[in-house]
Number of protein chains: 2
Amino acid sequence: MSADAEPAPVSAKPPVTLREVAAAAGVSVATASKALNGQGRMTAETRERIRETARMLGFRPNSLAQSLLRKRSFTVGLLTNDTYGRFSLPLMAGVSDALVDKGVSVFLCNVEDDQRLGQLHVEAMLDKRVDGIVATGKRIDRHLPVDLSNLRIPVVYAFTQPDPGAVGLVSDDAGGARLAVEQFLRLGRRRIAHVSGPASFAVVHTRAEAYRDVLRENGLPTAEPLLGAWSEAWGRDAVARLFGKAGSWPDAVFCGNDQIARGVIDALRERGISVPDDVGVIGFDNWEIVAEATRPPLTSIDMNLASLGREAGLALLSLVDGQPAAPGIRKLPCRLVVRQSCGSPPQ
Amino acid sequence: MSADAEPAPVSAKPPVTLREVAAAAGVSVATASKALNGQGRMTAETRERIRETARMLGFRPNSLAQSLLRKRSFTVGLLTNDTYGRFSLPLMAGVSDALVDKGVSVFLCNVEDDQRLGQLHVEAMLDKRVDGIVATGKRIDRHLPVDLSNLRIPVVYAFTQPDPGAVGLVSDDAGGARLAVEQFLRLGRRRIAHVSGPASFAVVHTRAEAYRDVLRENGLPTAEPLLGAWSEAWGRDAVARLFGKAGSWPDAVFCGNDQIARGVIDALRERGISVPDDVGVIGFDNWEIVAEATRPPLTSIDMNLASLGREAGLALLSLVDGQPAAPGIRKLPCRLVVRQSCGSPPQ
DNA sequence: TCCACCTGAGAAAACCTTTTCCCAATCCGC
DNA sequence: GCGGATTGGGAAAAGGTTTTCTCAGGTGGA
C-alpha cells in the first residue's frame, strides 16, 4: 500500500477475460461461456471445473461486450431538472433502489432548465445505448426542456408532465389533501382554513378542490383558500389575515407545503395562539428538516416519492422487457405522517 | 404523434451503423470510420461525401463498440451515502457539470451505509468498465462503507475521508471559520461566541480551533465554544446559556451550521434582543432554504460544494488520462455570503 | 522507359462475449 | 454388428467500431 511495498501498480493488470479462463481450464471459449451461463451441454465435472477456474481467476464478464451482443446495456438514464431540489432526490433514490437488484445502473443527468444541456445529455445517453429513460422534474405540471417523444427507447415520466401517450407516475395530490382535511374532521375540528402556494401551480388547485370537496361532503361551509407563495413569510402573512380581525377564527389550517405551515405555526405562537390546542396545523411534503423543526413538530402529508421512484423504475423495466404498459397517468397515494401539530382525537 | 397518425412505432428501427453509412457512400467501413474521425488519407471530396451521408442518415457511433475497443468507456461512477442529504447534491451537480462537456456520463450510486449495497454497486460499475470513481459522503471524517483501495481504476475522494495515498478534496473549514470571525471583527464586534455541533465531528474541532486562533491573533479573550447538536433546538438552548445570566453578553455568535444559527436568531428575537443591532449572527453551510428564511436573512459560510465537485471531476479525468496527481488532501476555500444577520460596517 | 515514392482506399484483425450450428464419439435397440 | 439417436464439446459468426497493414495505380525524376 505504501510506496516501498510494491512497484506501485501505476496501471494494474487488465481484467481477466473469458479466453483466459477457457485456456486455464483447457476448454474453448464457447464451452467456458456456456459453463458459466448454465447453457449448453457438458459433464457436471467440466462445468464445475470451469466455474472454479473462473472463480480462482476472479473472472467477471465484460458488460460492454455483453451489451453489444445482446442489445441491452442494463443501464438507464435519469433525467431531472431538480438536482438541488427537494423532490427528485427521494425519487432518484427510489428509482436506483428498484433497479440495482436487477443489475441495472443509472446515469444521472441534470439538465437544469437548459435546452442545450438536455439535448447533450439525451444524445450521450442514446449513444451509450441506455435501455430506457426516467424523466423527472421539480413540478408535476411542467415539461422538461427536452423532447423525448420520438425516441426508440421507452420513457417513463415521474413527477413531471408526461408526453401524450406516454406512461406517467405522479402523486395523488387530491387524495393527500383529503387525508389532511379528513384528519382534522376526525379530530373534531370544523372551521378549517387552507393556505397554499401560487395559483400558477396546478397542484394548488387540485388540493384546494379536494379540500372544498371534503368540507362540502361533510356539510361544512367552504372557505376560499388563501393563495400566496411557498414560503414561511407567506404563512405568517396568512395568519395575520385569518386571525387579524375579530370573529370566528379557524380551529385548523391545512397548508400547501411545510414551509408555509412553519410560517403559520411561528405566527400563531407569536400571537399567543396554541398549536395544537387552539388551532391544528397540517403541512404538505413531509420535509423532515422542516417538519421536525417546527414547534410543535408538524403533522404533514408525505407524497411517498421514494415509492414513486421505485414504481417508475419497475415500470420502465417492464417496458424495456417488451411488456406493453397502459399509457396515461397513474396516481400513487399519499400518506399522513402524524406528529404533534394537530392534536389527539377527542375522548 | 397521435394514434392514427402513424402505425405507432412499437419498437422503432434500430440505429444506423457505420456499415450502412459506408454502403450508402459507396466506400468500405474502414474508410468511413477514418473519414468521420479525421484520420487516414483520402480526397477531401470523399471525406466530405461520407460525412454528408452520415449526417443524412443520422449516424451516431455506438459507444459500446467504441468503448470495447478503446478500453475507455467515458463513464465514471459517483458513490455516495448521502442521497437525501444536503451535501452531496451540489457536489454531484458539480461533478456532472465538469464531465458532461467531455462526453463523460456519471453513474449515480447510493450505497446508504450498507456494505452489501456498496459492494454490489462497485462491482456493477467495474463490470461496466467505468473509467474512474468519485467517492463522496455526508461527513468529511468518515469512510464510505466500501473498500476502494485496490481498484485498477483511479478514485478521487470528495467531501469524505480518503484512503491513504489517494487524492482527496475537502472544504477548508478552518479558512471558513476564519472568514466568519474576521468578518465580525471587521464590523467592530469583540465579544464573539461560538456555538457548534457534536464533539464527535472533526469539523467541529477544526472550526473551533480556527475561531480561537483568530481571537488570539487579535488579542481578544477566547471563550470556550458551546458544543451540542446540529439543530435549531440546540441553538435556542445555547442562547439561554449565553444570555440567561446577567453580565457581559456576546455581541456576535458564530454558529456551526445554519440550523443552529436559525435557532439562535429565533431565541434572540424571543428575548427581545435585536439581530443584527445587538448581536450579529453568522452560520455555516449557506443552506439557502434555511439562510433565507431566518429573520433577518442569515449571513453564512458557503463551502462551495459545486466547485469542489467540479474539481473532483477534473482531477479524476486527468488521473484517467494517466496524468499522475499528487496524492493527499487538497483544501478548497470557503466563501462568505453576506445577508443581513451581522450588520453593516461601522462608519 | 524504369524505378521509387506517394496517394487513396480497402481487407482484416482486434476488443470480448454469446449463440448457432456442427462434428466426432458413444450409446441404444434390434 | 449396424443404423440412428444422444452426448460432450468446438468452430465460427455476430455485434459495431478502430487501426494497422496491404495494395493498386499514379506521379515524378532520371
Side-chain angles (χ1 to χ4, degrees), chain A residues 11 13-51 53-54 57-75 103 124 126-131 152, chain B residues 11 13-51 53-54 57-75 103 124 126-131 152:
Chain A
S11 70
K13 47 210 161 303
V16 6
T17 69
L18 186 60
R19 187 202 309 277
E20 301 176 64
V21 174
V27 298
S28 70
V29 286
T31 306
S33 170
K34 284 181 285 198
L36 297 176
N37 294 314
Q39 305 289 326
R41 290 176 314 198
M42 67 199 69
T43 54
E45 188 269 328
T46 305
R47 194 180 293 274
E48 191 43 50
R49 177 165 48 88
I50 297 174
R51 290 201 161 143
T53 311
L57 263 44
F59 169 75
R60 310 227 61 194
N62 184 332
S63 267
L64 261 31
Q66 290 181 319
S67 302
L68 188 57
L69 201 54
R70 300 192 193 159
K71 301 177 166 318
R72 261 300 288 281
S73 65
F74 288 89
T75 284
L126 257 25
D127 287 349
K128 295 203 166 104
R129 297 302 191 264
V130 295
D131 297 330
R152 58 171 176 278
Chain B
S11 70
K13 48 208 161 304
V16 7
T17 70
L18 186 59
R19 187 200 310 276
E20 302 176 65
V21 174
V27 297
S28 69
V29 285
T31 306
S33 170
K34 284 180 286 198
L36 298 176
N37 294 315
Q39 304 289 325
R41 288 178 315 197
M42 67 199 68
T43 55
E45 188 270 328
T46 305
R47 194 180 295 274
E48 192 43 50
R49 177 165 45 89
I50 296 174
R51 291 205 160 137
T53 311
L57 264 43
F59 169 75
R60 310 226 64 195
N62 183 333
S63 266
L64 261 32
Q66 290 182 318
S67 302
L68 187 59
L69 201 54
R70 300 193 194 160
K71 300 174 166 320
R72 263 299 290 280
S73 64
F74 288 90
T75 284
L126 257 25
D127 288 349
K128 296 201 166 106
R129 296 304 190 265
V130 294
D131 297 330
R152 59 172 174 276

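We name chains A, B, ... by the order of the sequence lines, and we start the count at 1 in each one. Every heavy atom of this structure was used, including side-chain atoms; hydrogens, water molecules and symmetry mates were not.
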**Report entry** Listed once per pair and sorted, the salt bridge (charged side-chain N to carboxylate O under 4.0 Å, His left out) pairs that draw on residues 15-34 of chain A, sequence neighbours left out
**Finding:**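 Found none.
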Query raised in the report: Taking only residues at least two apart or on different chains, which pairs with a member in residues 35-47 of chain A satisfy salt bridge (charged side-chain N to carboxylate O under 4.0 Å, His left out)?
Result: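 Non-adjacent pairs meeting salt bridge (charged side-chain N to carboxylate O under 4.0 Å, His left out): Glu45(A)-Arg49(A).
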Requested in this report: Have a look at the helix from dT1(C)-dA30(D) to dC30(C)-dG1(D) and give the angle its two end axes make, five pairs each, rounded to 10 degrees.
Outcome: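 Between the axes fitted at each end of the helix from dT1(C)-dA30(D) to dC30(C)-dG1(D) lies an angle of 60°.
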Report task. Indicate whether OP1 or OP2 belonging to dT17(D) is found under 4.0 Å from a side-chain N or O atom of Arg19(B). Result -> no
Report task. Verify the contact: side-chain N or O of Arg70(B) to OP1 or OP2 of dT18(D), cut-off strictly under 4.0 Å; return yes or no. Result -> yes
Query raised in the report: Looking at residues 61-68 of chain B, who's got a heavy atom less than 4.0 Å off DNA chain D?
Result: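 Those residues whose heavy atoms fall under 4.0 Å from DNA chain D, taken from residues 61-68 of chain B in numerical order, are Pro61(B), Asn62(B), Ala65(B), Gln66(B).
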Query raised in the report: So do the side chains of Ile50(B) and Val27(B) get within less than 4.5 Å of each other, counting heavy atoms only?
Result: yes
Query raised in the report: Are Arg129(A) and Thr75(A) side-chain neighbours, meaning at least one heavy-atom pair lies under 4.5 Å?
Result: no
Could you pull out all residues at least two apart from [X] that satisfy side-chain contact (heavy atoms from CB on, under 4.5 Å)?
| X | result |
| --- | --- |
| Leu57(B) | Val16(B), Val21(B), Ala24(B), Thr53(B) |
| Leu18(B) | Ala32(B), Ser33(B), Leu36(B), Phe59(B) |
| Asp127(B) | Arg60(A), Ser63(A) |

Report task. Look at all strands and tell whether Ser33(A) reaches a base, only sugar-phosphate, or nothing, counting heavy atoms closer than 4.0 Å. Result -> base
Measure [atom1]/[X] against [atom2]/[N] and give the value in whole Å, please.
| X | N | atom1 | atom2 | answer |
| --- | --- | --- | --- | --- |
| Asn37(A) | dT20(C) | CG | C1' | 15 Å |
| Arg72(B) | dT18(D) | CZ | P | 15 Å |
| Glu48(B) | dG8(C) | CD | C1' | 17 Å |
| Leu18(B) | dG15(D) | CG | P | 14 Å |
| Asp127(B) | dT17(C) | CG | P | 10 Å |
| Lys71(B) | dT17(D) | NZ | C1' | 14 Å |
| Leu57(B) | dG16(D) | CG | P | 14 Å |

Report task. Can you sort out the partners of Arg70(A) under salt bridge (Lys or Arg N to Asp or Glu O under 4.0 Å), two or more places apart, ordered by chain and number? Result ->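 Testing Arg70(A) for salt bridge (Lys or Arg N to Asp or Glu O under 4.0 Å), a comparison that skips the adjacent residues, returns none.
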**Report entry** Set of residues satisfying side chain to side chain donor-acceptor pair (under 3.5 Å) with respect to Ser73(A), sequence neighbours excluded
**Finding:**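 By the side chain to side chain donor-acceptor pair (under 3.5 Å) rule, Ser73(A) matches Asp131(A).
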Requested in this report: Evaluate side chain to side chain contact (heavy atoms under 4.5 Å, CB included) for Met42(B) paired with Thr31(B), printing each intermediate quantity in order.
Outcome: CA-CA 8 Å; Met42(B) 67 199 68; Thr31(B) 306; 4.0 Å; yes
Strictly under 3.5 Å: I want the nitrogen or oxygen pairs between protein and nucleotides 7-14 of chain D, one per line.
| unit_1 | atom_1 | unit_2 | atom_2 | d |
| --- | --- | --- | --- | --- |
| dG9(D) | OP1 | Thr46(A) | OG1 | 2.9 |
| dG9(D) | OP2 | Thr43(A) | N | 3.0 |
| dG9(D) | OP2 | Thr46(A) | OG1 | 3.2 |
| dG10(D) | OP2 | Ser28(A) | N | 3.2 |
| dG10(D) | OP2 | Ser28(A) | OG | 3.2 |
| dG10(D) | OP2 | Thr31(A) | OG1 | 2.5 |
| dG10(D) | O6 | Lys34(A) | NZ | 2.7 |

Report task. Over all heavy atoms of both residues, which pair between Lys128(A) and Leu64(B) is shortest? Give the atoms and the distance, please. Result -> O-CD1, 3.6 Å
